[in-house]
Amino acid sequence: MTTIADNLQRVRARIAKACAAAGRDPATVSLLAVSKTFGPQAVAEAAAAGQRAFGENYIQEGVSKVLALRAAGLDALQWHCIGPVQSNKTRLVAEHFDWVQTIDRLKTAERLAAQRPAHLPALQICLQVNVDGGQTKAGVPPEEALALAQAVAQLPQLRVRGLMSIPEQAPDFEAQLAVHLSAKRLFDHIRAQGVAGLEDFDILSLGMTADLEAAIHAGSTMVRVGTGIFGSRPRANA
């Protein structure tokens, strides 16, 4: 039977192969294991295989998992919120997550900054950008991303680290590459501005199980893989 450890090995091999094809060092691409809808035991199995960073879409489910695993002694894991952050959930996110990749409005960032406990390190922030204008996709429009980054960078207890995007599914490698390259161009543009507070702007979170090769070719520094690691998802309990 295929195990989570086996799947992780295969995904890491895909990342290494994609990096070789793109002329990149595999060390420049990190793997975020998307563990939404899977229980603490699945995360523990992945952690035993060397995985440390995990992404959760559903905040209450994610917090329950964080608490369960910390109680079990797995307190060195890194937790990323990669789902929408409603205003009534910002305190949970601020208190329990290490990263938030889905900031697309200043109000949400302001709430997180105000609610981040002072004894915790700064919350690491990626701005979610709607790079292809998908009607059903969240994200700040590309032309507004720089202004949002500048504003969020001024908030206490937050550190703006980069951009994240979830474009519409594209039919082939070339189409995937084109949309990911648009995100890379925006990322490079923001980095080039030399904005105070964006000194650590170094993360481009692009690519999932189906399109990680194109994302890596475009310059992604973090790929978010769920199905490729944990298998088909059970029914969500969001």
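What you see below is based on every heavy atom in this structure, not just the backbone, and it leaves out hydrogens, waters and symmetry mates.
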Taking all non-hydrogen atoms of both residues into account, name the closest pair between [X] and [Y] and its distance.
X      : Y      : answer
Ala16  : Pro26  : CA-CG, 4.2 Å
Ser205 : Gln101 : OG-OE1, 2.7 Å
Trp99  : Cys126 : CZ3-SG, 4.0 Å
Leu77  : Asp98  : O-OD2, 3.7 Å
Pro142 : Asn130 : CD-O, 3.5 Å
Ser35  : Phe230 : CA-CE1, 3.7 Å

Distance-only check: which donor-acceptor pairs under 3.5 Å involve side-chain atoms of residues 179-190, not counting sequence neighbours?
from	atom 1	to	atom 2	distance (Å)
His180	NE2	Asp211	OD2	2.9
Ser182	OG	Val179	O	2.5
Lys184	NZ	Asp188	OD1	3.0
Lys184	NZ	Asp188	OD2	2.8
His189	ND1	Gln193	NE2	3.4

What residues form a side-chain contact (heavy atoms from CB on, under 4.5 Å) with [X], not counting sequence neighbours?
X      : answer
Ala122 : Gln124, Arg159
Glu110 : Leu106, Leu155
Ala53  : Leu32, Gln51, Gln78, His80
Val34  : Lys36, Asn57, Ile82, Arg224, Arg233

Please check if the side chain of [X] supplies one atom and the backbone of [Y] the other of a donor-acceptor pair under 3.5 Å.
X      : Y      : result
Glu61  : Thr37  : yes
Gln154 : Val152 : no
Thr102 : Gly83  : yes
Arg105 : Val140 : no
Gln157 : Pro117 : yes

Identify, with sequence neighbours excluded, every residue that meets side chain to side chain donor-acceptor pair (under 3.5 Å) alongside [X].
X      : answer
Gln115 : Thr90
Asn7   : Arg10
Arg24  : Thr28

Value rounded to 0.5 Å, distance of [atom1] in [X] from [atom2] in [Y]:
X      : Y      : atom1 : atom2 : answer
Leu158 : Ile125 : CG    : CD1   : 5.0 Å
Leu69  : Phe54  : CG    : CZ    : 8.0 Å
Leu206 : Ser165 : CG    : OG    : 6.0 Å
His96  : Gln60  : NE2   : CD    : 11.0 Å
Leu148 : Ile103 : CG    : CD1   : 8.5 Å
Gln86  : Ile59  : CD    : CD1   : 5.5 Å

Legend entry - Residue among Thr221, Asp200, Asp202 satisfying side-chain hydrogen bond (donor to acceptor under 3.5 Å, both in side chains) with Arg161: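 One option only clears the test, and that one is Asp202.
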Legend entry - salt bridge (charged side-chain N to carboxylate O under 4.0 Å, His left out) contacts touching residues 72-84 (sequence neighbours left out):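 Residue pairs passing salt bridge (charged side-chain N to carboxylate O under 4.0 Å, His left out), neighbours aside: none found.
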Legend entry - Pair listing, salt bridge (charged side-chain N to carboxylate O under 4.0 Å, His left out) test, anchored in residues 37-56, at least two apart: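 For residues 37-56, and leaving out neighbouring residues, the salt bridge (charged side-chain N to carboxylate O under 4.0 Å, His left out) pairs sorted by first residue read Glu56-Lys65.
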Are [X] and [Y] connected in the hydrophobic side-chain network, where two residues link if heavy atoms are under 4.5 Å apart?
X      : Y      : answer
Val43  : Ile4   : yes
Met222 : Leu127 : no
Val93  : Leu67  : yes

Legend entry - Derivation of the side-chain contact (heavy atoms from CB on, under 4.5 Å) call for Ile229 and Leu31: CA-CA 11 Å; Ile229 295 171; Leu31 173 61; 4.2 Å; yes
Legend entry - Trace of the side-chain contact (heavy atoms from CB on, under 4.5 Å) decision for Phe201 with Val160: CA-CA 6 Å; Phe201 196 86; Val160 182; 3.9 Å; yes
Legend entry - Counterpart residues, salt bridge (Lys or Arg N to Asp or Glu O under 4.0 Å), relative to Arg14 (two or more places apart):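 With sequence neighbours excluded, Arg14 shows a salt bridge (Lys or Arg N to Asp or Glu O under 4.0 Å) to Glu213, given in chain and number order.
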Legend entry - More than 12 heavy atoms of other groups within 6.0 Å of Arg12 CZ: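 More than 12 heavy atoms, drawn from other residues, nucleotides or ligands, come within 6.0 Å of this atom.
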Inset, instruction - Tell me, yes or no, whether the heavy-atom count around Glu95 atom CD, taken from other residues, nucleotides or ligands under 6.0 Å, exceeds 12. - result: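 More than 12 heavy atoms, drawn from other residues, nucleotides or ligands, come within 6.0 Å of this atom.
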Legend entry - Set of ring pair (Phe, Tyr, Trp, His ring centres under 6.0 Å) partners for Phe97, sequence neighbours left out: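 For Phe97 there are no ring pair (Phe, Tyr, Trp, His ring centres under 6.0 Å) partners, ignoring immediate neighbours.
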